[in-house]
Amino acid sequence: MRLLTALEGGFGDAADALVIDGHAMSREQLLNAATALAGRVAGAPALAVLARPTAETVTAVVGGLLAGVPVVPLPPDSGPKEREYILRDSGATLLAVRPGEQTWEGIEALPVELTGRAARSGGSSGAPGSAGGAYPEPAPERTAFVLYTSGTTGAPKGALIPRSAVAADLDALAAAWQWTAEDTLVHGLPLFHVHGLVLGVLGALRTGSKLVHTGRPTPGAYAGARGSLYFGVPTVWSRVAADESAARALSGARLLVSGSAPLPVPVFERLAALTGQAPIERYGMTETLITVSTRADGERRPGSVGLPVEGVRTRLVGEDGAPVPRDGETVGELQLAGPTLFAGYLNRPEANAESWTADGWFRTGDVAVIGPDGFHRIVGRASVDLIKSGGYRIGAGEVESALRDHPAVADAAVVGAPDADLGQAVVAYVIAEGEVTGEQLTAFVAERLSVHKRPRRVVLVDELPRNAMGKVLKKQLLDRA
Ligand code: MLC
Ligand code: AMP
């Protein structure tokens, strides 16, 4: 079976099957443009895509997937430090851009044309829109994406996502959410992470639902889109819930789905009150895709992410390595197994060794509770050094290292402080050894890494609290923040 089943016929088509930030495309147009691009990508080690929320990005991603070339989405606002690292580490030789756009040294620009007429293979599969395309389906174990994601320290790691994991996850979610070709999916999430890209784009191309990408995930854009299925991170839902008329406009939707960070119970309840339906909450991770969810036909309990999706197994393990009972009270580290898991981090043997248990389970680093009824509740991260801000995963170590690159910074410690809008906000404690302001340091990080990794607050201090070993006491900083 092909990965993008709905792209190649059997699901009907429409001139507006995909609307990406105002640009409408039929599936046939997308298939033709992507097939033309695939011809220029085939055989490359990896294709980097400057992942703005555009039709060009969707075309480039699909072109890479058709050609069986790993796609490396690059955050569009990533600064030189982050960008150079991702391009070098991934081994990408091509960068998909808009026609006329520049690339960087050592990387060939691949202009994406939206009007490509595909050179299709002959035989019965040759007609546009019919099953089968110009390219044989790559093997399921081949890498679909290299997704860069932050760890607690150092540069982001490239998670290798196999095609089979994407297919298994989308099918499991389609079952859990009764997601079909009758749906119109609406969201405005970034196209360089699992949520917006794998679920939010490939989901539509596998289930056959229409897709409206709103460019930005604003309450007004969601309200105006008239979809049946909506995706958002908790920050988006909290902004929708605060905008009564936008929230009421979603009352005709079939399903509102939240994920990527904990959905606060008051936001769940206000959304339910204003839209007439309780949201679906699901839990996922770059490395595992979406593994636990409440179901369209099941209970939607505030503060709970529900049950493992089809094929996924979960267990809780205590600090001593012993199994934790499913009693709804005892916390443990959540470990996962199943067909949606990644194949490892690129070029990171040590991180790979640390990530799996001896008996083959993936350590999520999340702390959870499982009830006797199997419902899962995510309690938090085991490490204070992984921050979730607006649904973005941000490694404290990466931001600290960027801050230390500033000539006036002697040392820095970064924490995720509770924030009503973003869930957590990046707060930096900095020891300066020259004249520098918080705004300058914020801009410095935004330019070198990505805008969303910038500290929202910088506190200049004379010293950082440390233990006897010299380790910064982040819990103390959090208490101050
Ligand atoms: C502000 N801006 C700056 C700046 N300060 N630019 C440069 N330098 C500075 N110092 C500008 C930005 O460029 C942007 O401009 C504008 O300010 C707003 O940026 P922001 O403040 O970062 O946006 P914000 O409104 O806070 O974003 C909230 C949000 C966003 C919810 C829209 O956080 C978001 O899209 N989150 C989604 C994350 C996500 O998809 N995570 C999924 C991970 S996958 P301009 O011009 O652009 O407006 C995963 C698995 C799973 O977790 O389970 O799903
Ligand atoms: P990322 O790698 O960006 O996909 O981030 C994955 C992390 O997001 C997980 O390890 C969790 O900490 C967090 N996360 C995702 N979904 C949820 C959720 N519904 N509730 C709580 N945390 C979540």
Side-chain angles (χ1 to χ4, degrees), residues 51-53 73 75-79 147-152 156-157 159 161 169 173 187-200 214-219 221-222 231-240 257-264 268 279-294 303-306 333-334 336 340 342 362-368 376-383 386-395 416 419 421-426 438-456 458:
R52 300 187 190 96
D77 63 356
S78 55
L147 295 181
Y148 279 81
T149 188
S150 297
T152 52
K157 300 188 286 275
I161 314 292
D169 202 48
L173 294 179
H187 72 93
L189 297 168
L191 298 189
F192 47 93
H193 284 309
V194 162
H195 199 163
L197 179 62
V198 178
L199 274 62
T214 58
R216 298 296 294 258
T218 59
Y222 276 36
F231 290 169
V233 296
T235 299
V236 170
W237 290 124
S238 143
R239 292 176 185 183
V240 168
V257 184
S258 179
S260 304
L263 182 67
F268 179 108
I280 288 275
E281 187 170 3
R282 96 294 181 287
Y283 160 83
M285 218 179 156
T286 303
E287 292 88 337
T288 65
L289 306 183
I290 309 313
T291 47
V292 186
S293 181
T294 54
S304 169
V305 293
E333 186 201 17
L334 182 63
L336 298 169
T340 68
F342 75 141
F362 176 73
R363 301 180 213 267
T364 63
D366 285 309
V367 176
H376 290 50
R377 192 158 57 79
I378 308 297
V379 176
R381 292 288 314 176
S383 168
L386 264 195
I387 299 165
K388 267 271 158 164
S389 185
Y392 284 116
R393 173 164 148 188
I394 301 169
D419 184 272
D421 180 44
L422 297 170
Q424 290 182 306
V426 174
E439 290 81 57
Q440 285 166 339
L441 292 175
T442 293
F444 185 75
V445 173
E447 281 160 20
R448 292 172 67 78
L449 302 178
S450 290
V451 168
H452 66 262
K453 293 181 180 171
R454 71 190 187 277
R456 304 289 172 133
V458 176

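Remember, it's 1-based here, ligands and their atoms both numbered in the order they're listed. Throughout, numbering of the chain's residues begins at 1 and tracks the sequence. Since the model is a prediction, treat every value here as computed from it, not as a measurement.
- For ligand 1, one of its N or O atoms has an N or O atom of Arg282 under 3.5 Å away.
- For atom 41 (N) of ligand 1, the closest heavy atom belonging to the protein is Gly391 O, 2.9 Å.
- For a threshold of 3.5 Å applied to N or O pairs, the pair formed by Ser258 and ligand 2 contains no separation below that value.
- Contacts between Ala261 and ligand 1, counted as non-hydrogen atom pairs separated by less than 4.0 Å, are absent for every part of the residue.
- Closest heavy-atom approach to atom 10 (O) of ligand 2 within the set Leu147, Leu334, Leu263, Asp366: this belongs to Asp366.
- Contact annotation: for His193 versus ligand 2, there are no heavy atoms closer than 4.0 Å.
- The backbone N or O of Gly284 lies less than 3.5 Å from no partner atom in the side chain of Thr291, so there is not a single donor-acceptor pair.
- Sparse packing is recorded around CZ of Arg377, with 12 or fewer heavy atoms of other residues, nucleotides or ligands lying under 6.0 Å away.
- For atom 18 (C) of ligand 2, the nearest non-hydrogen atom from the set Ala261, Ser304, Gly259 belongs to Ala261.
- To the nearest 0.5 Å, atoms CD1 (Ile280) and OG1 (Thr294) are separated by 3.5 Å.
- Nearest approach of Ala51 to Leu191, heavy atoms of both residues: CB-O, 3.6 Å.
- Residue-level proximity to ligand 1 for Ile290 is carried by the side chain, the only part with a heavy atom below 4.0 angstrom.
- Looking at Ser450, its side chain never comes within 3.5 Å of a backbone N or O of Lys453 through a donor-acceptor pair.
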Practice problem: Could you give me the CA-CA distance, side-chain angles and deciding distance for Leu147 and Phe342, then say whether side-chain contact (heavy atoms from CB on, under 4.5 Å) is met? | Solution: CA-CA 10 Å; Leu147 295 181; Phe342 75 141; over 6 Å; no

Practice problem: Report the C-alpha distance between Ser260 and Lys388 in whole Å, list the side-chain angles of each, state the deciding distance to 0.1 Å, and finish with yes or no for side-chain contact (heavy atoms from CB on, under 4.5 Å). | Solution: CA-CA 8 Å; Ser260 304; Lys388 267 271 158 164; 4.1 Å; yes

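- Protein heavy atoms are absent from the 4.0 Å sphere centred on atom 16 (C) of ligand 1.
- Residue contacts with ligand 2 for Pro262 involve both N, CA, C or O and side-chain atoms from C-beta outward (heavy atoms, distance under 4.0 Å).
- Atoms of ligand 1 found under 4.0 Å from any heavy atom of Gly284, numbered from 1 in the order shown, are 53 (O).
- Shown here, atom 31 (C) of ligand 1 is in close reach of the protein: a heavy atom of it lies under 4.0 Å off.
- Distances from ligand 1 to the non-hydrogen atoms of Pro190 include at least one value under 4.0 Å.
- By the 30° and 60° cut-offs, the orientation of the rings of Phe192 relative to Tyr392 is parallel.
- Near Arg239, with a cut-off below 4.0 Å to any heavy atom, the atoms of ligand 1 are 24 (P), 25 (O), 26 (O), 28 (C).
- The residue from Thr294, Thr364, Thr286 that puts a heavy atom closest to atom 1 (P) of ligand 2 is Thr286.
- Near Arg216, meaning under 4.0 Å from any of its heavy atoms, are these atoms of ligand 1: 18 (C), 45 (P), 47 (O), 48 (O).
- Ligand 1 lies nowhere less than 4.0 angstrom from a heavy atom belonging to His187.
- In terms of modelled atom types and a separation under 3.5 Å, the side chain of Glu333 and the main chain of Val367 share no donor-acceptor contact.
- Side-chain atoms of Trp237 do not come within 3.5 Å of backbone N or O of Gly259 as any donor-acceptor pair.
- The Thr149 neighbourhood of ligand 2 comprises atoms 2 (O), with distances under 4.0 Å to a heavy atom of that residue.
- Considering only non-hydrogen protein atoms, atom 2 (O) of ligand 2 sits nearest to Arg393 NH1, 2.4 Å.
- Near Lys388, meaning under 4.0 Å from any of its heavy atoms, are these atoms of ligand 1: 49 (C), 52 (O).
- Taking atom 12 (C) of ligand 1 as the reference point, the nearest protein heavy-atom neighbour is Val451 CG1, 3.5 Å.
- Here the heavy atom of the protein found nearest to atom 21 (O) of ligand 1 is Arg454 NH2, 3.0 Å.
- Although no hydrogens or angles enter the test, the distance criterion places no donor-acceptor pair under 3.5 Å between the side chain of Ser258 and the main chain of Glu281.
- For the residues Arg393, His452, Arg456, the heavy atom positioned nearest atom 22 (O) of ligand 1 is part of Arg456.
- Using a 4.0 Å cut-off to heavy atoms of Arg282, the atoms of ligand 2 that qualify are 16 (N), 18 (C), 19 (N).
- Ligand-side atoms of ligand 2 in range of Met285: 4 (O), 6 (C), 9 (C), 10 (O), range being under 4.0 angstrom from any heavy atom.
- Close approach of ligand 2 to Lys388 (heavy-atom distance below 4.0 Å) involves ligand atoms 1 (P), 3 (O), 5 (O), 6 (C), 7 (C), 8 (O).
- In this structure, Tyr222 contributes its side chain and Thr214 its backbone to no donor-acceptor pair below 3.5 Å.
- In Arg381, the part holding a heavy atom less than 4.0 Å from any atom of ligand 2 is the side chain.
- The shell of residues lying under 4.0 angstrom from ligand 2, judged by heavy atoms, includes Val305.
- Judged by distance alone, with hydrogens and angles left aside, the side-chain atoms of Arg454 form a donor-acceptor pair with the main-chain N or O of Val451 at under 3.5 Å.
- Closest to atom 49 (C) of ligand 1 among all protein heavy atoms lies Ser260 OG, 3.6 Å.
- Put simply, OG1 on Thr340 and CG on Leu173 are 9.0 Å apart, with the number rounded to the nearest 0.5 Å.
- Residues Thr152 and Ser383 share a closest heavy-atom pair of CG2-OG, 3.3 Å.
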Quiz item: Yes or no on side-chain contact (heavy atoms from CB on, under 4.5 Å) for Ile394 and Val426, after CA distance, side-chain angles and deciding distance?
Solution: CA-CA 8 Å; Ile394 301 169; Val426 174; 3.9 Å; yes

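- Taking every non-hydrogen atom of Thr235 and a distance limit under 4.0 Å, the qualifying atoms of ligand 1 come out as 31 (C).
- Between Ile378 and the choices Leu334, Val292, Thr364, the side-chain contact (heavy atoms from CB on, under 4.5 Å) rule is met once, by Leu334.
- Set against the non-hydrogen atoms of His195, the atoms of ligand 1 under 4.0 Å away are 42 (C), 44 (S), 54 (O).
- Here the heavy atom of the protein found nearest to atom 38 (C) of ligand 1 is Gly390 O, 3.4 Å.
- Within ligand 2, the atoms closer than 4.0 Å to a non-hydrogen atom of Glu281 are 18 (C), 19 (N), 20 (N), numbered from 1 in the order shown.
- Here the closest heavy-atom approach between residue Gly416 and residue Gln424 is recorded as O-NE2, 3.4 Å.
- Within ligand 1, counting atoms from 1 as listed, the ones closer than 4.0 Å to a heavy atom of Pro217 are 32 (C).
- Summary of contacts: the protein heavy atom closest to atom 8 (N) of ligand 1 is Ala446 CB, 3.5 Å.
- Contacts between Lys453 and ligand 1 below 4.0 angstrom, taking non-hydrogen atoms only, are absent altogether.
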Self-check item: Verdict with supporting geometry, Leu199 and His187, side-chain contact (heavy atoms from CB on, under 4.5 Å)
Solution: CA-CA 10 Å; Leu199 274 62; His187 72 93; over 6 Å; no

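- Ring geometry, His195 versus Phe231: the interplanar angle falls from 30° to 60°, so the pair is classed tilted.
- Scanning all protein heavy atoms for the shortest distance to atom 34 (C) of ligand 1 gives Tyr392 CE1, 3.5 Å.
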